[in-house]
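Note that this is a predicted model, so its numbers are computed, not measured.
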Amino acid sequence: MKEISSNKSYGNLCSLFYDIDKPTPEKEELAFYLSFVEEGMEILEPMCGSGRFLISFLNRGYNIDGFDLSSDMVEKCREKLRQLKMSQDTIVQCSGFNDFSSDKCYDFIFIPSGSFSLLIEKEEIIKSLNRIKGLAKKGGRIIIEVESDLNFSDYNLLGNSDHKKTVKDNNVEISLTQKIVKLDYENKVLFSTCTYKLYDNGLHCKTETESFNLKCYGKMEFDKLLEDRGFQLQAKYIDYFKTAYIGQATDKIIYEMLNL
């Protein structure tokens, strides 16, 4: 049995877990993001992971690039592109926001599934938003989904309880145990560890433990960050049916804005 302990997020077992658990976007979620695009647009998905949205867009004939900080996630995305013999023009880089290299400006930039909330330091959040602004065309549309502080309250209620989930693919089974390490009440940041255990035909053969931290946002907290960066807020939603956010209880807030 191989034991690995790491501070990095989205390693090999984590990437495999999410590929089994969420191989494709939910129908309503994908339809929501597709509703903002048109043929010929240049599209960018930061924090694209193993490419479930990126490949869904490519399958529909759209021009889309992506990047992610996890080398394991990016390699899985590239392997899918190779297997499906998809566009050689698609950029998929292993990088963060500031390291992403492209000579394009994008008509549409989107970060789905609350991934932006993985950025927990204010300085990093601001730099990332500034980079998004620099990558977007003037008048370009940006959509970012963030976790709301309702999620932070839910984690607070869990206390020391561990969250557990198992996924299976043929003879392969991966179990996840998420343990809360700390709750930062002032900044509404959850600090936790995720332990992934791989079983092959019932035999435990590998374990990986990594950090998982999440920033949750209050009602107007993200609005202020966007306003200060020069984004023009168009709408806020609580779901993929475009129900307007007006301060009601919700686990996520989806921001639609334009780059001025």
(message) For the CG atom of Asn201 and the CD atom of Glu173, what is their distance to the nearest 0.5 Å?
(response) 11.0 Å
(message) As an exercise, state the distance from CG of Leu119 to CG of Leu129, rounded to the nearest 0.5 Å.
(response) 8.5 Å
(request) Could you pull out all residues at least two apart from Phe116 that satisfy ring pair (Phe, Tyr, Trp, His ring centres under 6.0 Å)? (result) Phe222
(message) With a 4.0 Å cut-off on N to O distance, would you call Lys27 and Glu29 a salt bridge?
(response) no
(request) Check whether any side-chain heavy atom of Leu190 sits under 4.5 Å from a side-chain heavy atom of Gln178, and report yes or no. (result) yes
(message) Would you compute the distance between atom OG of Ser128 and atom NZ of Lys133 and round it to the nearest 0.5 angstrom?
(response) 15.0 Å
(request) Kindly give the heavy-atom pair with the smallest separation between Val74 and Cys94, and that separation in Å. (result) CG2-CA, 3.8 Å
(request) Answer yes if Ile111 and Ile120 sit in the same cluster of Ile, Leu, Val, Met, Phe, Trp and Tyr residues linked by side chain heavy atoms under 4.5 Å apart, and no otherwise. (result) no
(request) Inspect the surroundings of NZ in Lys242 and state if more than 12 heavy atoms from other residues, nucleotides or ligands are less than 6.0 Å away. (result) yes
(request) Taking all non-hydrogen atoms of both residues into account, name the closest pair between Asn259 and Ala136 and its distance. (result) ND2-O, 3.1 Å
(request) May I ask whether Phe97 and Leu225 are part of the same hydrophobic cluster, defined by side-chain heavy atoms of I, L, V, M, F, W, Y residues being less than 4.5 angstrom apart, directly or through others? (result) yes
(request) Hey, could you give me each pair passing salt bridge (charged side-chain N to carboxylate O under 4.0 Å, His left out) that has a residue in residues 113-127? Not counting sequence neighbours. (result) Glu123-Lys127
(request) Could you verify whether a donor N or O on one side chain and an acceptor N or O on the other, from Thr193 and Ser211, lie under 3.5 Å apart? (result) no
(message) Holding to salt bridge (Lys or Arg N to Asp or Glu O under 4.0 Å), I want the full list of residues that pass it with Lys215, two or more places apart in sequence or in another chain.
(response) Glu221
(message) So, taking the atom named CD in Gln93 and the one named CG in Leu69, what distance separates them when rounded to the nearest 0.5 Å?
(response) 12.0 Å
(request) Could you label the plane-to-plane angle of the Phe152 and Tyr185 rings as parallel, tilted or perpendicular, counting under 30° as parallel and over 60° as perpendicular? (result) perpendicular
(request) Kindly indicate whether the side chain of Phe100, heavy atoms from C-beta on, has any atom under 4.5 Å from the side chain of Pro46. (result) no
(request) State, yes or no, whether a side-chain contact exists between Cys194 and Leu176 at a heavy-atom distance under 4.5 Å. (result) yes
(message) Run the side-chain hydrogen bond (donor to acceptor under 3.5 Å, both in side chains) test against Tyr237 and tell me which residues pass, sequence neighbours left out.
(response) Glu256
(request) For Tyr240, enumerate each residue passing the ring pair (Phe, Tyr, Trp, His ring centres under 6.0 Å) test, keeping only those at least two apart in sequence or located in another chain. (result) Phe32
(request) Give the C-alpha distance, both sets of side-chain angles, the deciding distance and a yes or no for side-chain contact (heavy atoms from CB on, under 4.5 Å) between Leu54 and Cys77. (result) CA-CA 9 Å; Leu54 186 144; Cys77 183; 4.3 Å; yes
(request) Could you list the residues that satisfy side-chain hydrogen bond (donor to acceptor under 3.5 Å, both in side chains) with Asn170, not counting sequence neighbours? (result) none
(request) Nearest 0.5 Å please: distance from the OG1 atom of Thr90 over to the CG atom of Leu81. (result) 6.5 Å
(request) If a pair satisfies salt bridge (charged side-chain N to carboxylate O under 4.0 Å, His left out) and one of its residues is in residues 15-26, list it, with sequence neighbours excluded. (result) Asp19-Lys80, Asp21-Lys165
(message) How long is the straight-line distance from CZ of Phe67 back to SG of Cys48, given to the nearest 0.5 Å?
(response) 8.0 Å
(request) Quick one: do Leu233 and Tyr255 satisfy side-chain contact (heavy atoms from CB on, under 4.5 Å)? Show the steps, please. (result) CA-CA 7 Å; Leu233 185 62; Tyr255 285 81; 3.7 Å; yes
(request) Taking atom CD of Glu38 as the centre, report whether more than 12 heavy atoms of other residues, nucleotides or ligands fall under 6.0 Å from it. (result) no
(message) Tell me every residue that passes side chain to side chain contact (heavy atoms under 4.5 Å, CB included) with Ser15, counting only those two or more places apart in sequence or in another chain.
(response) Ser70, Asp72, Met73, Lys76
(request) Identify whether Ile126 and Leu226 are in the same connected component of the hydrophobic contact network (ILVMFWY, side-chain heavy atoms under 4.5 Å). (result) yes
(request) Find out whether Leu135 and Ile109 are in side-chain contact, i.e. whether some heavy atom of one side chain is under 4.5 Å from a heavy atom of the other. (result) yes
(request) Report yes if the side chains of Phe110 and Leu44 come closer than 4.5 Å at any heavy-atom pair, otherwise no. (result) no
(request) Starting from the C-alpha separation in whole Å, work towards a yes-or-no answer on ring pair (Phe, Tyr, Trp, His ring centres under 6.0 Å) for Tyr33 and Phe108. (result) CA-CA 10 Å; Tyr33 286 102; Phe108 181 57; 7.1 Å; no
(message) Do Asp149 and Tyr217 have side chains that approach each other closer than 4.5 Å (heavy atoms only, starting at C-beta)?
(response) no
(message) Between Leu118 and Phe191, is there shared hydrophobic-cluster membership here, with clusters defined by ILVMFWY side-chain heavy atoms closer than 4.5 Å?
(response) no
(message) Looking at every heavy atom in both Leu13 and Lys206, which two are closest together, and how far apart are they?
(response) CD1-O, 3.9 Å
(message) Ignoring hydrogens, what is the shortest heavy-atom contact between Met47 and Asp68? Give both atom names and the distance.
(response) C-OD2, 3.2 Å
(request) Please list, chain by chain and in numerical order, all residues satisfying side-chain hydrogen bond (donor to acceptor under 3.5 Å, both in side chains) with Asp65, sequence neighbours excluded. (result) Lys104, Tyr106
Distance-only check: which donor-acceptor pairs under 3.5 Å involve side-chain atoms of residues 56-63, not counting sequence neighbours?
residue, atom, partner, partner atom, Å
Ser56, OG, Arg52, O, 2.7
Asn59, ND2, Ile55, O, 3.4
Arg60, NH1, Ser56, O, 2.9

(message) Please list all pairs meeting salt bridge (charged side-chain N to carboxylate O under 4.0 Å, His left out) that have one or both residues in residues 223-234, counting only residues at least two apart or in different chains.
(response) Asp223-Lys236, Lys224-Asp228
(message) Minimum heavy-atom separation for Cys14 and Glu208, please, with both atom names.
(response) N-OE1, 4.2 Å
(request) Work out which heavy atom in Asp239 is nearest to a heavy atom in Ile254; give both atom names and the distance. (result) O-CD1, 3.7 Å
(request) Check ring pair (Phe, Tyr, Trp, His ring centres under 6.0 Å) between Tyr245 and all other residues, then give those that pass, not counting sequence neighbours. (result) none
(request) Answer whether the closest heavy-atom distance between the side chains of Ser192 and Lys179 falls below 4.5 Å. (result) no
(request) Walk me through it: do Leu16 and Tyr196 pass the test side-chain contact (heavy atoms from CB on, under 4.5 Å)? (result) CA-CA 10 Å; Leu16 182 58; Tyr196 298 88; over 6 Å; no
(request) Say whether Ile142 and Leu258 are linked into one hydrophobic cluster, either directly or through other cluster members, by side-chain heavy-atom distances under 4.5 angstrom. (result) no
